[in-house]
Amino acid sequence: MNTAPTALLFPGQGAQANGMGRNLAEKFPEAMDLWKKAEQYSGLELRSIYWESGDEILMAETRNLQPAITVVNLALWLYLCGHISPCCTAGHSLGEFSALAAAKVLDVDKVLELVSLRGRLMADADPDHVGTMYAILRLTLEEVEGAAKNACEKTGKLVRVANRNTPGQFAISGHKEAVEELLEQLKGNKGKAIPLAVSGAFHTPLMAEASTEFSRLLDKMDWHDAAFPVYCNVSGESLSAAEQLHAAMRKQMTSSVYWIDVISNQWKNGVRRWIEFGPKGVLTRMVRPILVASNVPDGSYTTEHIPNKDAADAFIQ
């Protein structure tokens with residue numbers, strides 16, 4: 001039995017997969033109940049979209065994806081929670097709400113209500129399509145931030161590093177004009193830019209109106225102190241007090257995601273094992289490059305990915 005200090009990880013947008021969560025829901029009634037509750041809160045036929053449609057565009061739509069990924073994350077955790085004793089948790093962007101539920105900061109039903117509203121608000125936040133996002137690979141943070149600063153100055157518009165995922169993987173977000181100028185500055189170097197299938201400039205002040213409306217629902221929730229610490233996106237730091245977590249989540253939609261700091265700080269505070277719940281293993285693949293940059297030797301930690309019921313059953317055995 002692995003007794004290493006363990007962090008739970010929960011992914012967000014981009015981790016979806018066709019058929020996700022179906023095999024667990026058909027065998028585990030609590031998981032099916034989560035799908036039904038998410039459909040009630042969202043008003044969407046989520047099981048039809050993710051289990052039957054095979055439509056990748058439909059499955060990537062923010063309003064559909066946010067409640068659906070959250071259901072998959074939490075169903076896997078609920079199935080295994082009696083077999084794991086975590087020392088902390090974290091979730092990437094949307095996944096942070098799954099982490100809050102796992103740590104008993106918010107009730108699972110309330111999290112499903114929150115992410116259903118969050119998905120609608122973020123999907124509708126940019127009706128004029130003024131914002132966009134790109135993944136930037138194989139460049140340093142200094143290079144990307146320098147190009148972003150120059151692009152803002154040249155265009156008078158906003159672009160910034162929205163996600164600090166690994167030392168060689170970032171997401172930029174902002175006005176299309178500024179993003180295009182940033183990409184122009186990066187032409188000819190060793191980097192790579194990939195457009196992201198999102199409906200706006202997430203994790204920037206361009207989400208301020210949506211964030212304000214979302215915060216009204218956040219403020220109505222019953223917040224609890226965490227059963228184990230949550231490492232927050234907005235700072236990468238560990239929080240446990242209800243009021244601190246509430247304050248952090250009010251900023252989350254407009255703040256950058258400091259994922260490098262989340263994993264680095266977990267390592268510094270003793271985590272030696274990371275377990276990700278979700279379809280694709282996006283976050284476990286980020287752990288190694290983050291720790292390599294901090295000169296952490298291979299073999300001194302482990303990562304595990306649990307995408308479905310079969311993997312969960314193997315974990316129990």
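Note that the coordinates shown come from a computational prediction; the quantities given were computed from them, not determined experimentally. Residue indices begin at 1 and follow the sequence shown.
With His92 as reference, Trp259 is the one residue of Trp259, Phe202, Tyr231 to meet the ring-ring contact (aromatic ring centres under 6.0 Å, His included) rule. Each of Asn73, Asn308, Ile69 was scored for a side-chain contact (heavy atoms from CB on, under 4.5 Å) with Met20, with one residue passing: Ile69.
Heavy atoms only, all atoms of each residue included: Arg118 and Gln252 are closest at NH2-OE1, 2.8 Å. The shortest heavy-atom contact between Val271 and Ala7 is CG1-CB, 3.8 Å. Residue Gly14 comes nearest to Val282 through the heavy atom pair O-CG2, 4.4 Å, listed as atom of the first residue, atom of the second, then distance. Shortest non-hydrogen contact noted between Ile306 and Leu76 is O-CD1, 3.3 Å. The two residues Pro86 and Leu8 have their closest heavy-atom pair at CB-CG, 3.6 Å.
Looking only at atom types and distance, the side chain of Gln266 has no donor-acceptor partner in the side chain of Arg272 under 3.5 Å away. Under 3.5 Å, the side chains of His203 and Ser93 contain a donor-acceptor pair of N or O atoms. With 3.5 Å as the limit, one finds no donor-acceptor pair spanning the side chains of Glu113 and Ser116. Looking at Thr284 and Glu276, their side chains do bring a donor and an acceptor atom within 3.5 Å of each other.
In summary, Lys309 and Asp313 engage in a salt bridge, as defined by a charged side-chain N under 4.0 Å from a carboxylate O. The pair Lys187-Glu184 counts as a salt bridge, with a side-chain nitrogen and a carboxylate oxygen less than 4.0 angstrom apart. Salt bridge status for Glu177 with Lys154: absent, with no side-chain N to carboxylate O gap under 4.0 Å. A salt bridge links Glu26 to Arg22: one of the charged nitrogens lies within less than 4.0 Å of a carboxylate oxygen.
In Arg273, the CZ atom is crowded: over 12 heavy atoms of neighbouring residues, nucleotides or ligands sit closer than 6.0 Å. For Lys190, the NZ atom counts as densely surrounded, since its 6.0 Å shell holds more than 12 non-hydrogen atoms of other residues, nucleotides or ligands. Annotation for Glu52: atom CD counts as buried by contact number, over 12 foreign heavy atoms lying within 6.0 Å. Sparse packing is recorded around CD1 of Ile57, with 12 or fewer heavy atoms of other residues, nucleotides or ligands lying under 6.0 Å away.
Summarising the hydrophobic clusters (Ile, Leu, Val, Met, Phe, Trp, Tyr; side-chain heavy atoms under 4.5 Å, direct or chained), the residues clustered with Leu158 are Leu206.
Aromatic ring centres of Phe97 and Phe214: separated by under 6.0 Å.
Ring-plane geometry between Phe10 and Trp77 is classed as perpendicular, the angle between the planes exceeding 60 degrees on a 0 to 90 degree scale with a lower cut at 30.
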Step-by-step side-chain contact (heavy atoms from CB on, under 4.5 Å) determination, Val111 to Asp107:
CA-CA 6 Å; Val111 163; Asp107 293 341; over 6 Å; no
If you apply the rule side-chain contact (heavy atoms from CB on, under 4.5 Å), what do you find for Phe315 with Leu80, and how did you get there?
CA-CA 9 Å; Phe315 181 90; Leu80 285 179; 4.1 Å; yes
Begin from the C-alpha positions of Val159 and Cys152 and carry the test side-chain contact (heavy atoms from CB on, under 4.5 Å) through to its verdict.
CA-CA 6 Å; Val159 61; Cys152 291; 3.8 Å; yes
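Rounding to the nearest 0.5 Å places OG of Ser98 at 10.5 Å from CZ of Phe277.
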Let me have the donor-acceptor pairs involving side chains of residues 222-230, under 3.5 Å, with sequence neighbours excluded, atom names and distances please.
residue, atom, partner, partner atom, Å
Trp223, NE1, Leu218, O, 2.9
Asp225, OD1, Ala242, N, 2.8

